[in-house]
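Notes for the one structure printed next.
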Amino acid sequence: MTLKWLAVVVATVSVTLWVTGNTVTLVVDGGQLPLLVNLFALITAGTAVVLAVVAELHERLNNRISALTEFLVARLNEIEHHTGDRNTGFVEGYLLSHGQEAAVVPFGRRGRGAAER
């Protein structure tokens, strides 16, 4: 059972016990449950409701992030598919136009100005 539904069950049970306890006490004794019991039941129900709302928001956010991630992956794959072909053709054309002696030459080390000369 997920956290959201567990929190909903806890809140429902807590409110039900609070209402039932106060109703039975009112009918039998004409009073109410002790303040500590009432506060505990209401605080438990309130905390469970807040936890259920936060869990629902977290689930929605997670679903949106997953959908956005899938969209970005699909878009990046599409971009890679189109640009990969162009770059491959460019490099092959460059190498064919310069013959076998064409090589990749790294840039020389950059100097620090007039002090190295």
Side-chain angles (χ1 to χ4, degrees):
M1 187 180 301
T2 63
L3 179 63
K4 176 180 70 173
W5 292 111
L6 183 64
V8 168
V9 168
V10 167
T12 304
V13 168
S14 179
V15 169
T16 303
L17 289 175
W18 176 72
V19 169
T20 304
N22 280 322
T23 304
V24 167
T25 308
L26 180 66
V27 169
V28 173
D29 293 337
Q32 64 179 6
L33 287 175
L35 180 64
L36 187 62
V37 174
N38 282 334
L39 285 177
F40 179 74
L42 292 177
I43 288 173
T44 302
T47 304
V49 167
V50 169
L51 186 61
V53 169
V54 168
E56 173 66 21
L57 292 176
H58 181 269
E59 184 178 337
R60 287 184 182 191
L61 180 65
N62 195 20
N63 289 339
R64 286 187 180 193
I65 289 175
S66 296
L68 179 63
T69 303
E70 290 173 4
F71 171 75
L72 287 176
V73 166
R75 183 69 180 135
L76 288 175
N77 285 337
E78 179 184 331
I79 291 171
E80 179 188 17
H81 177 70
H82 291 298
T83 58
D85 293 340
R86 292 184 190 134
N87 288 339
T88 302
F90 173 77
V91 171
E92 289 174 359
Y94 175 80
L95 291 175
L96 288 175
S97 69
H98 286 80
Q100 289 292 341
E101 62 276 354
V104 177
V105 180
F107 287 120
R109 191 170 175 172
R110 297 186 108 182
R112 293 187 181 161
E116 283 189 1
R117 294 182 201 185

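Side chains included, hydrogens not; waters and symmetry mates left out as well; all remaining heavy atoms used.
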Start with the C-alpha distance between R75 and I79, add both sets of side-chain angles, then the distance that settles side-chain contact (heavy atoms from CB on, under 4.5 Å), and finish with yes or no. CA-CA 6 Å; R75 183 69 180 135; I79 291 171; 4.1 Å; yes
Is there a donor-acceptor pair closer than 3.5 Å between any side-chain N or O of N62 and the backbone N or O of H58? no
Which distance, rounded to the nearest 0.5 Å, do you find between the CG of N63 and the CG of L68? 12.5 Å
Closest heavy-atom pair and its distance - V10, A48: CG1-CB, 4.0 Å
Kindly work out whether a path of hydrophobic side-chain contacts (I/L/V/M/F/W/Y, heavy atoms less than 4.5 Å apart) joins V9 to L17. yes
Rounded at 0.5 Å granularity, tell me how far CG in L39 sits from CG in L33. 11.5 Å
Is it the case that one hydrophobic cluster holds both V19 and L42, taking links as side-chain heavy atoms less than 4.5 Å apart, direct or via other members? yes
Output for pair (I43 CD1, N38 CG), nearest 0.5 Å, gives 11.0 Å
